[in-house]
Amino acid sequence: MSKFLSVSLSLLEGFATTCLIFLLTLLLAIPLGMVITLGSRSRIKAIALPCRALVWVVRGTPLMLQLIAIFYGPALLFGIVGFDRFAAVLVAFTLNYACYFSEIYRGGMDNIPRGQREAGLVLGMTRIQIFFHVTLPQLIKRILAPMSNEVMSLVKDTSLARIISVSEIIFVAQEYTRQGLIYPLFYTGAFYLLFIGILTLLFRLAEKKTAYIKV
Amino acid sequence: MEYLTVENFKKSFGGTQVLKGIGFELPKGSILAVIGASGSGKTTLLRCLNFLETPDEGKICLGGEVFEAGKRYSEREIRAWRKKFGLVFQSFNLFPHLTARGNVSLAPDLLARERAREKKKQLIKEGMGRRKASAAARAFRRELLQNNARRADELLEKVGLLDRASAYPHELSGGQQQRVAIARALALEPEILCFDEPTSALDPALTEEVLKTIRTLKGHTMIVVTHEMAFAREVADEVIFMAEGRVEERGTPEEIFSSPMSEKLKSFLKREYYDETAIS
Ligand SMILES: Nc1ncnc2c1ncn2[C@@H]1O[C@H](COP(=O)(O)OP(=O)(O)OP(=O)(O)O)[C@@H](O)[C@H]1O
Ligand SMILES: [Mg+2]
């Protein structure tokens, strides 16, 4: 029983790392995705093309590969060593998810009728005012469902961090398999399910809160 | 005394010239009706007047101020010009995430916030402490916002929708939506109010309530693009008939509808008007 408790506690510690990766990635990728969206919609080619190229590369290669490239790349290319593992995870995840988010934002923005922006312009609103008071509220409503899918994937993708030895929950559980203990690995599933369950409820709440907007 | 003068408006899209030198004058408080076949450039004219399109050539004089196409204007100056003109769209374009009241007061509220921020800067420049300036600006903003709320309700009452002030656009009929859009356009007190076929997206049954609302706005300077010939004849002080990007004929409603001169206008009226009223 005390073994079970110690397993639980160390899994919980791993889970804290999992949650941290998840939260920080979301916090950074949500706004960065918007920057990429606005960049790739820009009329200035020198801004739009690099943004689109970035999205293409990031969406076209596995996250695992990106993670390895970001962690080992600087050492291989420039001989810089000691790049923080956790930082590498954050950079790779943020970049990856920002690109996926940006595609969702782009689709959502394309679906907002031109007339909305024009109505704002005619009322003397600035571009920034139009973005925050006309476009964004309608965009949030439109992207809620596809965003919830991506966010759920992120929860599970955090487990990729173990390939550069960041001790998230799966990494911790795998350590136990070395000691011949298999059940902690299956035990992690309970943590994920709990997390996903809470997110599902949150997204449902958000959908309810925005139900009054009919777009 | 002419109040608004539009001179020689030209606009091309790709290789095709849509406006080929449009001009007209409008005294303050008068109503100009613009009629013409589909594709003759009526919408483009209104979009140019509201700075949604930039004319290639042309000039606007309004109350002593002059806008000349081709000159460079800052975004701030364009905004100031946009505020002089209001536009009611064919498809309403209400903001779906805001109530009727929210739609009417959004732009004035944003303006109030800007003015409060400017006031704060001004007070600090005049040597007032930061804290005190913030408090003064907040009080100023609150007062402006309260005024806006009162004004929004007045406007909704004017279009007969005060009781629906808390409704979202999708909860309103097309006619009601368009009336909210009219209230919204009036909120910034534009000098010229433009309508682009305000009833053409509506069922005939809902058309009349919108026309009725527009009738109550007599006294505002207005430009009304419309397919409702009887309405144009009734409310307009002057009518312009546009054909292929030009003013083909202009005159009083009496002149345009009872004694059209050009062949184009005659055949247009035959299709659009006499049929409708079954005079011919
Ligand atoms: N953004 C644009 N790009 C290209 N062509 C355009 C654009 N806007 C308008 N046009 C063209 O300009 C011409 C005039 O259009 P406009 O909408 O001004 O006509 P209209 O008189 O308002 O017609 P309707 O009665 O059908 O509303 C049309 O041939 C249209 O295809
Ligand atoms: Mg039109």
Side-chain angles (χ1 to χ4, degrees), chain A residues 30 34 37-39 41-45 47 104-148 202-215, chain B residues 43 46-47 49-53 74-99 102-111 113-114 166-172 177 180-181 183-190 192-196 201:
Chain A
I30 285 175
M34 184 51 76
T37 304
L38 297 177
R41 285 167 67 97
S42 168
R43 257 171 306 176
I44 306 164
K45 284 251 159 30
I47 296 176
I104 294 177
Y105 299 161
R106 199 169 60 86
M109 284 179 111
D110 287 347
N111 277 326
I112 297 175
R114 258 163 57 114
Q116 289 292 309
R117 198 175 147 265
E118 291 180 348
L121 286 176
V122 165
L123 291 167
M125 290 164 64
T126 62
R127 284 160 200 275
I128 294 175
Q129 288 172 339
I130 291 170
F131 178 76
F132 282 103
H133 296 274
V134 177
T135 308
L136 198 55
Q138 298 184 50
L139 184 64
I140 289 173
K141 162 83 180 178
R142 280 161 199 269
I143 65 175
L144 220 46
M147 282 297 276
S148 89
L202 285 178
F203 270 105
R204 220 172 269 165
L205 187 71
E207 256 162 54
K208 247 189 217 151
K209 288 261 177 214
T210 55
Y212 72 92
I213 306 176
K214 291 279 184 298
V215 288
Chain B
T43 298
L46 290 191
R47 288 174 62 84
L49 287 176
N50 283 275
F51 302 88
L52 291 176
E53 308 283 359
S74 68
E75 185 148 340
R76 203 187 173 83
E77 288 169 309
I78 294 287
R79 256 183 98 199
W81 269 101
R82 280 203 179 109
K83 280 187 208 140
K84 298 175 194 289
F85 291 84
L87 177 59
V88 174
F89 297 86
Q90 191 170 353
S91 51
F92 329 139
N93 295 353
L94 289 181
F95 304 129
H97 58 293
L98 297 176
T99 60
N103 266 278
V104 176
S105 62
L106 176 64
D109 285 353
L110 291 171
L111 218 52
R113 296 213 173 103
E114 274 177 66
S166 310
Y168 287 94
H170 72 95
E171 298 167 331
L172 300 171
Q177 288 187 48
V180 172
R184 178 176 73 174
L186 287 168
L188 288 175
E189 298 175 354
I192 315 281
L193 186 54
C194 305
F195 293 86
D196 189 7

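Contacts of B:R47 with chain A are made by side-chain atoms alone, with heavy-atom separations under 4.5 Å and no backbone atom involved. Looking at B:F51, there are no atoms closer than 4.5 Å to chain A (heavy atoms on both sides), in backbone or side chain. Contact of A:R127 with chain B is made through backbone and side chain together, with heavy-atom distances under 4.5 Å. For B:L110, the parts lying near chain A are the backbone and the side chain together; criterion is any non-hydrogen pair under 4.5 Å. In this structure, the portion of B:Y168 lying under 4.5 Å from any heavy atom of chain A is its side chain and not its backbone. Only the side chain of B:L106 comes within contact range of chain A, with at least one heavy atom under 4.5 Å from a heavy atom of that chain. Residue A:T210 does not touch chain B at all, counting heavy-atom pairs closer than 4.5 Å. Residue B:I78 does not touch chain A at all, counting heavy-atom pairs closer than 4.5 Å. Heavy-atom distances place no part of B:E171 under 4.5 Å from chain A, backbone and side chain included.
Pairing each heavy atom of B:G86 with each of A:V122, the nearest pair is C-CG1, 4.4 Å. When all heavy atoms are compared, the tightest approach of A:A119 to B:F95 is CB-CE2, 3.9 Å.
Going from atom CD of A:Q129 over to atom CZ of B:R79 covers 5.0 Å, rounded to the nearest 0.5 Å.
Here A:Q116 is the residue among A:Q116, A:M125, A:K141 with the most heavy-atom pairs under 4.5 Å with chain B. If you tally non-hydrogen atom pairs under 4.5 Å between each of A:T126, A:I213, A:L121 and chain B, the highest count goes to A:L121.
B:N93 contributes a side-chain N or O that, together with a main-chain N or O of A:G115, makes up a donor-acceptor pair within less than 3.5 Å. At least one donor-acceptor pair closer than 3.5 Å links the side chain of B:H97 to the backbone N or O of A:H133.
More than 12 non-hydrogen atoms from other residues, nucleotides or ligands lie less than 6.0 angstrom from CZ of A:R142. The 12-atom threshold is not exceeded at CD1 of A:I128, counting heavy atoms of other residues, nucleotides or ligands nearer than 6.0 Å.
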